[in-house]
Protein chains: 2
Amino acid sequence: MATHYADGMKSQENAGIDAVLIRRPKLSNLIADDLRRGIARERLKPGDRLPNERTLAARYGCAKGTVREALKALEVQGLVKMQTGPMGGAEIQPVSVEAATQQLRTYLHFLDLNFEQVYAVRRTVEVTLAESVIGRLSEDQLARLEANIEACEQARLRGDRVEARRAELDFHDILCEACENQLLVFICRFINGLLRDLVEFRSARYEHHDAFGRHNANSHRALVDAYRRGDREAVIALMGEHMHCAERFMRELDATFTSGFLG
Amino acid sequence: MATHYADGMKSQENAGIDAVLIRRPKLSNLIADDLRRGIARERLKPGDRLPNERTLAARYGCAKGTVREALKALEVQGLVKMQTGPMGGAEIQPVSVEAATQQLRTYLHFLDLNFEQVYAVRRTVEVTLAESVIGRLSEDQLARLEANIEACEQARLRGDRVEARRAELDFHDILCEACENQLLVFICRFINGLLRDLVEFRSARYEHHDAFGRHNANSHRALVDAYRRGDREAVIALMGEHMHCAERFMRELDATFTSGFLG
DNA sequence: CTAGATTTGTTCGTATGTATC
DNA sequence: TGATACATACGAACAAATCTA
């Protein structure tokens, strides 16, 4: 494949960069910065696409791999999403909760969080959430809550513990959909994500999982029932007790890790 | 150019991945996830280094460029810093709360948050925080709480409303210092930051500010007194009432977070 | 100060998977 | 079904930075 750009230009550009900057930053970072500025300058909106990698490499007079690293930086920041195929490339993304939570998760991952601490928060905010959606759940949402309970039961009967736990957390995410308070929703969803991560890497004995699964099914069923009746007192009491029991189970999870990561 | 790797092996690997996963995630993302987990699992501290690129490529059975993309993701997230030369490579960086909150704030910037919604959360988490630090406040921290109350009073008497509000929030940040639960601390500090940003841009009538300042001084004084006595019931009741009153005042500002804040 | 060793940074060529037409 | 366009990935080589002797 012929190089469409002139090698002489490459040298010129690099010489120029070297002359201006005392210590040359990584080329991929310079390109990433320029792309960010370009996106802002051109007022690119979600759905717009950047030029493809080959074009960008030609524009900046560098190799594909360098452009790829720059695009990777934008992708991690949630600014763009890469797609393959024709009309693929880097597509501008809307500001998403995903990017925000990802950073938070890695931050908290290093702060030795245990279940007790997570539940000290969850126990209160989930009750607040539960109360806030009383009378706001649509028939479709109620139906999906009931369908979720059924899905959890099936996962439990299959013996798929991790999937059962994850599906049970989906129940609470459905409640979030009916809540207007976006800050509360963010915190609840974020904590649900934390718990999803944690159950992935910790395991407990089967009896615990099975008992927990049955408890969750009962609690969730009673909650849906209380929501249908619009019974505020019952919703608050049920969610409070549900959180209390969930915390007790979670604390029984085995926290031992097997490693050998850095050999 | 001869391909030194066996085509058969590559196909086998890909077939395996395709069989398990509906849509194959990018290999560099899988590696990045694994590295993140590994860093947390091995409790790597700032200053520790990851294996070099060649070793990682060998471990994951992939090319160097793929490993580089994964490392780039960690670098963008502020988890590691790349360095050239001997003893170079990916060095673990201290996790900064700044990086985590920045993304979150730009996300919340697009949401229609109002005082009622913020206080629906703050009302509960501040009480949880208040309870969690009972018996854990050092004499130095108690002294600083008292000094803070005095500073707030002086700001109020000077008529410096914004400074008074900001200083009053410092009171709650001092409480955070004594709390072990880092998730709870993060949420409380983040909300305090939201409120600090807001008082910059909103002002109410003087009577409101003055009455609020006097209320805060009384509440904070009573709280410190209850902490010194180790009176759990009083702490919980006082902080609950304090939040209730604070919310009422803040709602008189009748402002939303959407306009102007976070410029 | 120089020379060598180590490790990231960058490039080029190539091959493969994947989405669109 | 095939052709096309694009990202994804591999591998070899060299350049640049940085530490040590």
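Every value quoted in this text rests on a predicted model; they were computed, and no experiment measured them.
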**Message:** Let's see if you can work this out: which of C:dT6, C:dG9, C:dT18 has an atom nearest to the side-chain heavy atoms of B:Pro86?
**Reply:** C:dT6
**Asked** Between C:dG9 and A:Ser28, is there an OP1 or OP2 to side-chain N/O distance shorter than 4.0 Å?
**Response** no
**Prompt:** Counting only side-chain N and O atoms of B:Thr66, is one of them less than 4.0 Å from OP1 or OP2 of D:dC10?
**Reply:** yes
**Given D:dA7, C:dC12, C:dT14, the nucleotide with the shortest approach to the side chain of A:Lys64** = C:dT14
**Prompt:** Between C:dC12, C:dT14, C:dT8, which one does the side chain of B:Glu53 approach most closely?
**Reply:** C:dT8
**Prompt:** Could you give the CG-to-C1' distance, from A:Leu27 to D:dA15, as a whole number of Å?
**Reply:** 13 Å
**Message:** Applying a 4.0 Å non-hydrogen cut-off, can you work out what B:Gln83 is touching in the nucleic acid: base, sugar-phosphate, or nothing?
**Reply:** sugar-phosphate
**Prompt:** Where is the tightest heavy-atom contact between B:Arg49 and B:Gly88, given as atom of each residue plus distance?
**Reply:** CD-O, 3.1 Å
**Asked** A:Tyr119 ring centre to A:Arg251 NZ or CZ under 6.0 Å, with the angle to the axis within 45°?
**Response** no
**Item:** Out of D:dC10, C:dC12, D:dA7, whichever nucleotide has its closest atom nearest the side chain of A:Asn52
**Value:** D:dA7
**Fill in**
When rounded to whole Å, the NZ to C1' distance for the pair A:Lys81 and C:dA19 reads 12 Å
**Request:** Would you mind telling me which of D:dC10, D:dT8, C:dT8 lies closest to the side-chain atoms of B:Cys62?
**Result:** D:dC10
**Prompt:** Under 4.0 Å: is that the gap between some side-chain N or O of B:Arg68 and OP1 or OP2 of C:dT8?
**Reply:** no
**B:Tyr60 OH to D:dA9 C1', straight-line distance once rounded to whole Å** = 17 Å
**Asked** Taking for each residue the nucleotide of DNA chain C with the nearest heavy atom, is it A:Gly65 or A:Gly85 whose nucleotide lies nearer the 5' end?
**Response** A:Gly65
**Asked** What's the CD-P distance between B:Glu69 and D:dA7, to the nearest Å?
**Response** 12 Å
**Item:** Gap between atoms CD1 and P, on B:Ile31 and D:dC10 respectively (whole Å)
**Value:** 7 Å
**Message:** Quick one: does any side-chain atom of A:Arg165 pair with a main-chain N or O of A:Arg196 as donor and acceptor, under 3.5 Å?
**Reply:** no
**Prompt:** Do the rings of A:Tyr107 and B:Phe186 sit parallel, tilted or perpendicular, given the 30° and 60° boundaries?
**Reply:** tilted
**Asked** Please give, in whole Å, the distance from C:dT8 P to B:Glu91 CD?
**Response** 12 Å
**Request:** Starting at atom CG of B:Leu71, determine the distance to atom C1' of C:dT10, rounded to an integer number of angstrom.
**Result:** 16 Å
**Request:** Using whole Å, report how far CG of B:Leu56 lies from C1' of C:dT7.
**Result:** 12 Å
**Message:** Could you check whether A:Asp170 pairs with A:Arg166 (Lys NZ or Arg NE/NH1/NH2 to Asp/Glu carboxylate O, under 4.0 Å)?
**Reply:** no
